[in-house]
**Student:** 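Before I ask anything, here is the structure I am working with.
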Amino acid sequence: MGTTREDLGETNPSNEEFGDTDAAREELGDTDGATEDELQEAFDVIVSDGAQRLHRNWREVLTTGFAGGLEVGTGVLLLFAVYAETGSHLLAGLAFSVGFIALLLARSELFTEGFLVPVTAVAAGRASFAQLGKLWGGTLVANLLGGWMFMWLVVRAFPDLRATAIESAVHFVDSPLDLQSASLAFLAGIAITLMTRMQHGTESDPAKIVAAVGGAFVLAGLQLFHSILDSLIIFAALHAGAPFGYGDWLAWLWYTVLLNMAGGLFVVTLLRLVRSKDMIKEERAKAGA
């Protein structure tokens, strides 16, 4: 006579047991469906932050962007000082992280940080494309203007760093527009947007600072083509009497800006938007978009 499931003390699962399982699964999260609570919280923070930034007036956009250029400039100053002493781009990249930390704690604006957060707010119906264009254009110009002025002061305050500034800038302006240059600019857009994503994924200030250090190390330590950071390096070289002009900078800048945007928008931002598709629909419904 064979052994039955009843002999082993096993019974068929009942509807009540399935109900208990479903109840247990629901207790694992506060949100409905398959959306994780942490992802929902991060999404809410990103949309709220993006909406606030996009609804700034021109005065606020330009002043926060100008301040951002100054703060990144402090990182460039330390980058020059450490590279002049050590000859190591990696150590100089770590030193540059002071600029990103200042940017984070002072809550200023950097053009390349505007790819994930504001775009998500627009996708969620909390702001318009016109406001996004104002934020991007105003921040880019203000970052460059603030950085240009700060680098003028750096070159005059530290004349011993002029040769270092010129040497560092040649790496960018002398690079031809080829696959390597395009890849360096594309990777820079990915790196800075990933840094932004990490900082908005936590409420811990120490964790945000770690993300800033990591982003700076990748961008400056590996000499990726970053439209703002490297423009400040080029400005310092121009103030120091570099053997190239502003036309050479513009010839480098136009494709660097576009590829920074492509890397940030079509890799990190697009993936987050696809992952948050249901939440975006709900947010747009709430906004009446």
Side-chain angles (χ1 to χ4, degrees), residues 40 42-72 103-104 106-149 185-186 188-197 199-201 225-229 231-232 249-250 252-289:
Q40 180 69 57
F43 175 80
D44 292 340
V45 170
I46 287 174
V47 170
S48 177
D49 186 20
Q52 292 178 21
R53 289 161 65 179
L54 286 166
H55 283 85
R56 290 171 179 165
N57 58 39
W58 274 108
R59 174 180 56 82
E60 293 168 334
V61 168
L62 294 176
T63 53
T64 54
F66 187 85
L70 297 178
E71 287 150 10
V72 171
L103 194 72
L104 169 69
R107 300 187 179 278
S108 299
E109 192 80 43
L110 188 66
F111 164 66
T112 48
E113 287 187 309
F115 300 151
L116 172 64
V117 178
V119 170
T120 303
V122 172
R126 297 285 297 275
S128 67
F129 283 101
Q131 290 171 309
L132 180 62
K134 179 178 72 173
L135 178 69
W136 280 351
T139 302
L140 175 61
V141 171
N143 282 167
L144 294 173
L145 181 58
W148 185 91
M149 295 180 65
F186 192 79
I190 294 174
I192 190 70
T193 309
L194 179 59
M195 182 189 80
T196 303
R197 175 66 188 91
Q199 290 176 336
H200 280 82
F225 284 14
H226 184 269
S227 52
I228 304 301
L229 159 61
S231 286
L232 269 59
W249 164 63
L250 290 172
W252 169 87
L253 180 68
W254 74 267
Y255 73 82
T256 302
V257 168
L258 293 179
L259 288 167
N260 283 173
M261 294 179 69
L265 292 172
F266 297 132
V267 179
V268 181
T269 301
L270 181 60
L271 288 174
R272 300 312 303 176
L273 292 179
V274 171
R275 180 63 183 84
S276 306
K277 179 181 177 181
D278 293 336
M279 289 179 285
I280 290 174
K281 286 184 178 179
E282 293 177 3
E283 194 65 31
R284 289 183 66 85
K286 293 178 183 177

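Because only heavy atoms are used, hydrogens play no part in the values below, and waters and symmetry mates are left out as well, while side chains stay in.
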**Student:** So, do Arg197 and Leu271 sit near enough that their side-chain heavy atoms are less than 4.5 Å apart?
**Tutor:**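 Answer no - side chains too far apart.
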
**Student:** How long is the gap from CZ on Phe111 to CG on Leu135, to the nearest 0.5 Å?
**Tutor:**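 If we round to the nearest 0.5 Å, Phe111:CZ and Leu135:CG are 9.5 Å apart.
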
**Student:** Can you confirm whether the side chains of Asn260 and Thr112 place a donor and an acceptor under 3.5 Å from each other?
**Tutor:**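 No donor-acceptor contact under 3.5 Å links the two side chains.
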
**Student:** Using a 3.5 Å distance criterion without hydrogens, assess whether the side chain of Ser276 forms a donor-acceptor pair with backbone atoms of Leu273.
**Tutor:**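 Between the backbone of Leu273 and the side chain of Ser276 there is no qualifying donor-acceptor contact (under 3.5 Å).
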
**Student:** Closest heavy-atom contact between Arg53 and Gly114?
**Tutor:**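 Scanning both residues, the minimum pair turns out to be NH2-CA, 4.0 Å.
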
**Student:** Looking at Gln52 and Asp49, would you say the former's side chain and the latter's main chain have a donor-acceptor pair under 3.5 Å?
**Tutor:**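 The answer is no, because no donor-acceptor pair under 3.5 Å joins these two groups.
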
**Student:** Using a 3.5 Å distance criterion without hydrogens, assess whether the side chain of Asn143 forms a donor-acceptor pair with backbone atoms of Glu109.
**Tutor:**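 Yes, Asn143 side chain to Glu109 backbone: donor-acceptor pair under 3.5 Å.
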
**Student:** Mind checking the CG-CG spacing from Leu116 to Leu194? Nearest 0.5 Å is all I need.
**Tutor:**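 Rounded to the nearest 0.5 Å, the CG-CG separation comes out at 9.5 Å.
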
**Student:** Should Val119 and Trp136 count as side-chain neighbours, where that means a heavy-atom distance under 4.5 Å?
**Tutor:**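 Val119 vs Trp136: side chains touch.
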
**Student:** Do Phe225 and Phe186 touch side chain to side chain, with heavy atoms closer than 4.5 Å?
**Tutor:**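 No. Closest side-chain heavy atoms not under 4.5 Å.
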
**Student:** Between Val257 and Ser227, what is the shortest heavy-atom contact and its length?
**Tutor:**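 Closest approach of Val257 to Ser227: CG2-CB, 3.7 Å.
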
**Student:** Within the 4.5 Å heavy-atom criterion, are Thr120 and Phe43 side-chain neighbours or not?
**Tutor:**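 Yes, at least one pair of side-chain atoms sits under 4.5 Å.
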
**Student:** Counting only N and O atoms by type, is there a donor-acceptor contact under 3.5 Å from the side chain of Thr193 to the main-chain atoms of Ile190?
**Tutor:**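 Between the backbone of Ile190 and the side chain of Thr193 there is no qualifying donor-acceptor contact (under 3.5 Å).
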
**Student:** Return the minimal non-hydrogen interatomic distance between Gly125 and Arg284, and the atom names on each side.
**Tutor:**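 Heavy-atom minimum between the residues: N-NH1, 3.8 Å.
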
**Student:** Look up atom CG in Asp278 and atom NZ in Lys281, then write down how far apart they are to the nearest 0.5 Å.
**Tutor:**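 Between Asp278 CG and Lys281 NZ, I get 6.5 Å after rounding to 0.5 Å.
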
**Student:** Can you tell me if Ser48 uses its side chain to pair, donor with acceptor, with the backbone of Asp44 under 3.5 Å?
**Tutor:**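 No, because the side chain of Ser48 does not come within donor-acceptor range (under 3.5 Å) of the backbone of Asp44.
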
**Student:** Using every non-hydrogen atom in the two residues, find where Gly146 and Leu70 come nearest and quote the distance to one decimal.
**Tutor:**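 In this case the closest contact between Gly146 and Leu70 is O-CD2, 3.4 Å.
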
**Student:** Given 3.5 Å as the limit, does a donor-acceptor pair link the side chain of Thr139 with the main chain of Gly65, or not?
**Tutor:**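 Not a single qualifying donor-acceptor pair exists.
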
**Student:** Return the OG1 to CD distance between Thr63 and Glu60, rounded to the nearest 0.5 Å.
**Tutor:**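 Rounded to the nearest 0.5 Å, the OG1-CD separation comes to 6.5 Å.
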
**Student:** Output yes when a side-chain donor or acceptor of Lys134 lies under 3.5 Å from a complementary backbone atom of Arg56, and no otherwise.
**Tutor:**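 Checking the backbone N and O of Arg56 against the side chain of Lys134, a donor-acceptor pair under 3.5 Å is found.
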
**Student:** Does either side chain, that of Ser108 or that of Glu71, offer a donor lying less than 3.5 Å from an acceptor on the other one?
**Tutor:**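 A pair is found: one side chain offers a donor N or O, the other an acceptor, under 3.5 Å apart.
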
**Student:** Could you check whether any side-chain heavy atom of Leu103 comes within less than 4.5 Å of a side-chain heavy atom of Glu113, counting everything from C-beta outward?
**Tutor:**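 Touching, per the 4.5 Å side-chain cut-off.
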
**Student:** Which heavy atom of Trp249 sits nearest to which heavy atom of Ser231, and what is that distance?
**Tutor:**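 Of all heavy-atom pairs spanning Trp249 and Ser231, the closest is NE1-OG, 2.9 Å.
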
**Student:** Can you tell me how far apart CD1 (Ile192) and CG (Leu229) are? Round to the nearest 0.5 Å.
**Tutor:**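 CG of Leu229 is found 9.0 Å from CD1 of Ile192.
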
**Student:** Could you report the tightest heavy-atom contact between His226 and Thr256, atom names first, then the distance?
**Tutor:**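 The pair with the smallest heavy-atom distance is C-CG2, 4.1 Å.
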
**Student:** If you round to the nearest 0.5 Å, how far is CG of Leu110 from CG of Leu104?
**Tutor:**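 The distance works out to 12.0 Å.
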
